[in-house]
Novice: 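Handing you a structure now.
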Amino acid sequence: MAMKLLNHKNFWFACLTVTVLLIFFTFRPLNSPQYRVIVADGLGYYVYLPAKFIYNDENLKFEWFDEVFNKYYDSHVFEKPTQNFLVQYQNKKINLYYPGQSLLQMPFFFLAHVCAKILNISADGFSLPYQISMGLSALFYTLLGLFFCQKLIFNMTGNNKLSIYVPVIIFFATNLFTYSIFNGCYTHCYSFAFISLSLYFAERFFISPANKLVNLTWLMLCSVTVVALRPMNCILLISLFYFYKSFSLKQIFNSDQWNGLVVFIFVVTLCIVGYNLNIMHTQTGSWIANTYTIGRFYFSQWNHVWDNFFGFQTGILWYTPILLICMIPVAFTFRKPKILFLLAPILSSIILYSLWWYWNIVGRTLVDFSGILVLLLTLVFVSLEANKKLFRLVLILSLINVPFFQLKAYQLRNGILNSNYTYWRYYVKHFFTFRHVDVFPVNPKTVINEQVYFYDFENGKGEQISNKNKWGGNSAAILNSKIEFACSQTYTLPVFFNINGFRKIKASFWFFRDVGMNNVHLVFTYKRNDSTLVYHPFYINETSSAQKWDYKEF
């Protein structure tokens with residue numbers, strides 16, 4: 001009985017579900033004003049729901065949003081919170097994000113709303129029940145996508161083991177993990193779910209002789225949802241033709257196949273289309289419009305394609321190398337040209353996003369086609385089944401990708417690596433670093449002008465200087481309850497700061513913290529004559545180990 005249970009794929013999927021929930025509730029901060037679940041792009045995708053069902057904002061002006069945002073959020077990226085998602089469109093402000101995701105979040109929104117009412121918590125759309133519920137929404141759709149990936153692999157191969165561990169490897173070795181557990185408010189895990197569902201029903205429609213009409217309507221529903229989530233995802237639907245086989249219309253429109261389920265699926269599909277078109281028309285006055293007005297493609301920036309594969313910011317090779325294993329079927333295309341239907345949408349997506357203004361978004365968009373990666377990795381293992389040694393080698397390499405990705409994802413989440421500024425020396429130096437580092441990486445190749453000032457306290461005297469505990473040389477500066485300010489130096493901004501461009505002022509130093517030391521700041525003060533223009537403190541000790549010299553850079 002125990003062996004039967006262990007060999008059952010649903011048992012292992014239940015284990016995966018429990019594991020994902022434990023990770024979410026154990027490691028994902030749920031009630032931090034600096035790290036909410038509904039943030040950034042997620043605000044734009046989600047905000048349609050409270051606008052419609054709480055604030056009666058029929059015209060989607062979002063005038064209520066700033067007040068409720070300031071109530072729950074400490075992180076202010078923009079001067080006005082509505083700038084997170086409102087952009088200028090012709091003569092009005094509109095939400096640039098497409099509403100498809102909010103429709104999928106709706107059941108979880110209503111559940112949160114009921115819980116907030118029962119528990120007497122502010123039912124304003126952004127209190128804790130809504131934050132947790134939107135996190136669970138992302139996990140639900142991720143697990144739904146993984147479940148149908150499992151079913152798809154089993155249908156294709158009949159191999160129970162492959163159907164279990166291939167989706168698990170892709171989940172834990174790619175950003176699907178990050179953008180479902182830690183950043184689930186973005187649209188990517190939702191896109192993954194419905195692209196995976198589309199693949200499953202495409203395989204059922206083309207391969208299975210039964211239920212043609214039912215599978216076709218499910219396929220239509222899932223494909224419409226994919227486009228409603230993110231119109232550019234239509235590129236990924238090319239992958240559905242991998243399963244193409246000729247069929248006759250009689251197989252589909254057999255009168256025996258018309259039933260209540262087909263009608264229901266068709267009505268739901270129309271509701272999805274209607275919901276999106278209604279919101280589009282309310283905002284823009286047009287039924288079809290490009291609301292994403294803030295970005296454009298730069299078709300001359302082909303170097304970004306290289307960077308997204310091999311660069312040290314978020315290059316695939318250095319952060320998600322499982323993708324390279326998934327690309328092995330490139331070698332099979334001469335014998336099986338249909339594999340191009342799986343490879344082409346992935347490569348096209350990477351290239352197009354690499355040429356977009358926000359080109360390093362590619363690491364996130366990999367999540368959207370994770371279902372296609374599941375298919376490709378399955379094809380790799382199937383092709384190697386006859387060669388057991390090579391099969392085991394590829395399996396071991398795939399499994400190694402799991403801890404490798406988790407390490408790099410942890411470093412990116414905790415600021416050890418920087419997705420915009422990491423370069424190869426910095427990447428290698430911090431390859432195995434686990435604790436937070438206060439260092440702002442600057443690639444030496446990007447520095448056009450530089451002015452450096454150095455101060456080492458070697459010639460200082462008095463109670464602010466100590467020769468007992470020092471990093472190097474003979475002395476170090478002291479901070480304690482009696483000496484509130486030390487190390488203060490004044491410098492003049494260099495002339496080249498008047499030139500337009502990207503400019504930084506960096507202070508680097510070695511710092512030693514006693515056990516009882518707390519609330520230490522590094523302060524940048526910018527003055528013109530006797531007037532203070534900017535006063536900017538950095539909090540040091542929160543991320544510094546006690547009784548240890550630590551390198552800092554702000």
Novice: Quick check for you: to the nearest 0.5 Å, what is the distance between Phe391 atom CZ and Ser383 atom OG?
Specialist: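 Separation between the atoms: 9.5 Å.
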Novice: Would you please test Tyr186 and Tyr179 for ring pair (Phe, Tyr, Trp, His ring centres under 6.0 Å) and show each step?
Specialist: CA-CA 7 Å; Tyr186 293 80; Tyr179 283 90; 5.6 Å; yes
Novice: More than 12 heavy atoms of other residues, nucleotides or ligands under 6.0 Å from CZ of Phe241: is that the case?
Specialist: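 No - once you tally the heavy atoms of other residues, nucleotides and ligands closer than 6.0 Å, there are 12 at most.
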Novice: Considering residues at least two apart in sequence or located in another chain, which fulfil the ring-ring contact (aromatic ring centres under 6.0 Å, His included) criterion with Phe509?
Specialist: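 Phe509: no ring-ring contact (aromatic ring centres under 6.0 Å, His included) contacts found.
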Novice: With sequence neighbours excluded, what pairs up with Ser354 under the side chain to side chain donor-acceptor pair (under 3.5 Å) test?
Specialist: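 With neighbours one apart ignored, the set is Asn308.
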Novice: For the ring pair Tyr358 and Tyr353, is the centre-to-centre distance below 6.0 Å?
Specialist: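 Centroid separation for Tyr358 and Tyr353: 6.0 Å or greater.
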Novice: Determine yes or no for a side-chain-to-main-chain donor-acceptor pair under 3.5 angstrom, with Asn276 supplying the side chain and Gly100 the backbone.
Specialist: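 A pair under 3.5 Å: yes.
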Novice: Could you note down all residue pairs passing salt bridge (Lys or Arg N to Asp or Glu O under 4.0 Å) where residues 349-377 supplies at least one of them, sequence neighbours left out?
Specialist: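 For residues 349-377, and leaving out neighbouring residues, the salt bridge (Lys or Arg N to Asp or Glu O under 4.0 Å) pairs sorted by first residue read Asp41-Arg364.
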Novice: Is the positively charged end of Arg413 above the ring of Phe182, judged by distance under 6.0 angstrom from the centroid and angle within 45° of the axis?
Specialist: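 Yes.
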Novice: Taking CZ in Phe27 as the centre, count heavy atoms belonging to other residues, nucleotides or ligands within less than 6.0 Å. Is the count above 12?
Specialist: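 Not more than 12 within 6.0 Å, no.
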Novice: Between Arg36 and Asp74, is the closest basic N to carboxylate O distance under 4.0 Å?
Specialist: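 Here Asp74 does not pair with Arg36 in a salt bridge, since their nearest N and O are not under 4.0 Å apart.
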Novice: Say whether, by atom type as modelled, one donor and one acceptor occur between the side chain of Tyr46 and the main chain of Gly125 under 3.5 angstrom.
Specialist: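 Yes; judged by distance alone, with no hydrogens or angles, the pair exists.
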Novice: Describe, in one word, how the ring planes of Tyr319 and Tyr427 are oriented to each other, choosing from parallel (under 30°), tilted (30 to 60°) and perpendicular (over 60°).
Specialist: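 Taking Tyr427 first and then Tyr319, their aromatic rings stand perpendicular (interplane angle over 60°).
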Novice: Can the ring centres of Phe109 and Tyr130 be said to be less than 6.0 Å apart?
Specialist: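 When the ring centroids of Phe109 and Tyr130 are compared, they turn out to be within the sub-6.0 Å range.
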Novice: Return yes if a side-chain donor-acceptor contact under 3.5 Å exists between Tyr275 and Ser102, otherwise no.
Specialist: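 Yes.
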Novice: Does the Gln411 side chain pair with the main chain of His430, one donor and one acceptor, at a distance under 3.5 Å?
Specialist: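 Indeed, once roles are kept as given, a pair shorter than 3.5 Å links the two residues.
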Novice: Between atom CD of Glu203 and atom NZ of Lys151, what is the distance when rounded to the nearest 0.5 Å?
Specialist: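 Going from the CD atom of Glu203 to the NZ atom of Lys151 covers 10.5 Å.
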Novice: Between the side chain of Gln131 and the main-chain N/O of Val37, is any donor-acceptor distance below 3.5 Å?
Specialist: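 Yes: the side chain of Gln131 pairs with the backbone of Val37.
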Novice: Is it the case that the ring center of Tyr426 lies less than 6.0 angstrom away from the ring center of Phe312?
Specialist: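 When the ring centroids of Phe312 and Tyr426 are compared, they turn out to be at least 6.0 Å apart.
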Novice: Checking Asn420 against Asn360: is there a side-chain donor and acceptor pair closer than 3.5 Å?
Specialist: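 On atom types as modelled, these side chains qualify, holding a pair under 3.5 Å.
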Novice: Tyr89: what forms a ring-ring contact (aromatic ring centres under 6.0 Å, His included) with it, not counting sequence neighbours?
Specialist: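 Not a single residue meets the ring-ring contact (aromatic ring centres under 6.0 Å, His included) criterion with Tyr89.
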Novice: Under a 4.5 Å cut-off applied to non-hydrogen side-chain atoms, are Thr422 and Trp318 in contact?
Specialist: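 Thr422 does not reach Trp318 side chain to side chain.
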Novice: Hey, would you say the Phe341 and Tyr242 ring centroids sit under 6.0 Å apart?
Specialist: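 Between Tyr242 and Phe341, which both carry aromatic rings, the centre distance is not below 6.0 Å.
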Novice: Mark yes when over 12 heavy atoms from residues, nucleotides or ligands other than Lys92 sit less than 6.0 Å from its NZ; otherwise mark no.
Specialist: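 Check passes, neighbour count above 12.
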Novice: Is Leu30 close to Phe25 at the side-chain level, that is, under 4.5 Å between some pair of heavy atoms?
Specialist: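 Phe25 vs Leu30: side chains touch.
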Novice: Checking the side chain of Asn233 only, and the main-chain atoms of Leu229 only, is there a donor and an acceptor separated by less than 3.5 Å?
Specialist: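 Between the backbone of Leu229 and the side chain of Asn233 there is no qualifying donor-acceptor contact (under 3.5 Å).
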Novice: So, do Tyr244 and Phe206 have ring centers that fall under 6.0 Å from each other?
Specialist: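 Distance test on ring centres: under 6.0 Å, yes.
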Novice: So, do Phe524 and Tyr535 sit near enough that their side-chain heavy atoms are less than 4.5 Å apart?
Specialist: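 Of all side-chain heavy-atom pairs linking Tyr535 with Phe524, none is under 4.5 Å.
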Novice: When you compare the side chain of Tyr73 with that of Pro81, does any pair of heavy atoms fall below 4.5 Å?
Specialist: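 No, their side chains stay 4.5 Å or more apart.
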Novice: Would you say that Leu376 contacts Leu343 through its side chain, given a criterion of any heavy-atom pair below 4.5 Å between the two side chains?
Specialist: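 SC-SC contact between Leu376 and Leu343 confirmed.
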Novice: Heavy-atom count around Tyr491 OH within 6.0 Å, excluding the residue itself: above 12?
Specialist: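 Count over threshold, so yes.
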Novice: Do other residues, nucleotides or ligands put more than 12 heavy atoms under 6.0 Å from Trp510 CH2?
Specialist: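 Counting neighbours around CH2 of Trp510, more than 12 heavy atoms of other residues, nucleotides or ligands fall under 6.0 Å, so yes.
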Novice: Between the side chains of Gln83 and Lys80, does any donor sit under 3.5 Å from an acceptor?
Specialist: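 Absent: no donor and acceptor within the cut-off.
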Novice: With a cut-off of 6.0 Å (strictly less than), are more than 12 heavy atoms of other residues, nucleotides or ligands near CZ of Arg503?
Specialist: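 Atom CZ in Arg503 is packed in, count exceeds 12.
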Novice: Could you tell me which residues satisfy side chain to side chain donor-acceptor pair (under 3.5 Å) with Asn498, sequence neighbours excluded, listed by chain and number?
Specialist: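 If we apply the side chain to side chain donor-acceptor pair (under 3.5 Å) test to Asn498, skipping adjacent residues, there are no hits.
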Novice: Test the Lys93-Phe62 pair against the cation-pi criterion, namely NZ or CZ under 6.0 angstrom from the six-membered ring centroid and within 45° of the ring axis.
Specialist: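 No.
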Novice: First locate atom OH of Tyr551, then atom OG of Ser508, and finally report the distance between them rounded to the nearest 0.5 Å.
Specialist: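 Result: 3.5 Å between the selected atoms.
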Novice: Tell me, which pairs form a salt bridge (Lys or Arg N to Asp or Glu O under 4.0 Å) where one or both residues lie in residues 178-200, sequence neighbours left out?
Specialist: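 Applying salt bridge (Lys or Arg N to Asp or Glu O under 4.0 Å) to every pair that reaches into residues 178-200, excluding sequence neighbours, yields nothing.
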Novice: Does the side chain of Leu221 come within less than 4.5 Å of Trp218's, by heavy atoms?
Specialist: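 When only atoms from C-beta onward are counted, Leu221 and Trp218 do touch, with a gap below 4.5 Å.
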Novice: Taking atom types as modelled, find out whether Ser137 and Tyr190 have a side-chain donor-acceptor pair closer than 3.5 angstrom.
Specialist: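 The answer is yes; a qualifying pair exists.
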Novice: Decide if the gap between the ring center of Phe65 and the ring center of Phe69 is smaller than 6.0 angstrom.
Specialist: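 Yes, they do, as the ring centres are separated by less than 6.0 Å.
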Novice: What distance do Phe177 atom CZ and Thr320 atom OG1 have between them, rounded to the nearest 0.5 Å?
Specialist: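 Atom-to-atom, Phe177:CZ and Thr320:OG1 are 13.0 Å apart.
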Novice: Tell me if a side-chain donor or acceptor on Asn95 pairs with a main-chain N or O of Gly44 at a distance below 3.5 Å.
Specialist: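 It does hold such a pair.
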Novice: For Phe431 and Phe404, take the angle between the two ring planes, folded into 0 to 90°, and tell me which bin it lands in: parallel under 30, tilted 30 to 60, perpendicular over 60.
Specialist: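 Ring orientation of Phe431 relative to Phe404: tilted.
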Novice: CG/Leu377 to CD1/Ile169 distance, rounded to the nearest 0.5 angstrom?
Specialist: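 It comes to 6.0 Å.
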Novice: Taking the side chain as every heavy atom from C-beta outward, state whether Leu136 and Tyr141 have any atom pair closer than 4.5 Å.
Specialist: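 No. Closest side-chain heavy atoms not under 4.5 Å.
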Novice: How about Tyr200 and Leu219: do any of their side-chain heavy atoms sit closer than 4.5 Å?
Specialist: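 Answer no - side chains too far apart.
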Novice: If I compare all heavy atoms of Asn443 with all of Thr446, which pair ends up nearest, and what's the gap?
Specialist: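 Here Asn443 and Thr446 meet closest at O-OG1, 2.6 Å.
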Novice: Between Phe538 and Phe554, is the gap from one ring center to the other below 6.0 Å?
Specialist: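 When the ring centroids of Phe538 and Phe554 are compared, they turn out to be within the sub-6.0 Å range.
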Novice: Are Phe140 and Phe108 close enough that their ring centres sit under 6.0 Å apart?
Specialist: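 When the ring centroids of Phe140 and Phe108 are compared, they turn out to be within the sub-6.0 Å range.
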Novice: Quick one: closest heavy-atom pair of Ile325 and Val380, and the distance?
Specialist: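 Where Ile325 meets Val380 most closely, the heavy atoms are O-CG2, 3.6 Å.
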Novice: Parallel, tilted or perpendicular: which fits the ring planes of Phe440 and Tyr421, with parallel below 30° and perpendicular above 60°?
Specialist: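 Rings of Phe440 and Tyr421: tilted, as their planes differ by 30° to 60°.
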Novice: Sub-3.5 Å donor-acceptor pair from the side chain of Asn175 to the main-chain atoms of Thr178, do we have one?
Specialist: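 No.
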Novice: Surrounding CG of Leu533 (heavy atoms of other residues, nucleotides or ligands, distance under 6.0 Å), is the total greater than 12?
Specialist: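 Correct, the count exceeds 12.
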Novice: What is the distance from atom CD1 of Ile400 to atom CD1 of Ile396, rounded to the nearest 0.5 Å?
Specialist: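 Reported value, rounded in 0.5 Å steps: 7.0 Å.
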Novice: Closer than 3.5 angstrom, by distance alone: can the side chain of Thr174 be matched with the main-chain N or O of Leu176 as a donor-acceptor pair?
Specialist: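 Here the side-chain-to-backbone pair exists.
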Novice: Is it true that, when you exclude Lys336 itself, more than 12 heavy atoms of the residues, nucleotides or ligands shown sit nearer than 6.0 Å to its NZ?
Specialist: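 Not buried by this count: 12 neighbours or fewer within 6.0 Å.
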Novice: Is there a donor-acceptor pair closer than 3.5 Å between any side-chain N or O of Thr365 and the backbone N or O of Val362?
Specialist: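 Confirmed, Thr365 side chain pairs with Val362 backbone.
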Novice: Could you go through Thr187 and Tyr98, starting from their C-alpha distance and side-chain angles, then the distance that decides it, and tell me whether this counts as side chain to side chain donor-acceptor pair (under 3.5 Å)?
Specialist: CA-CA 10 Å; Thr187 191; Tyr98 295 96; over 6 Å; no
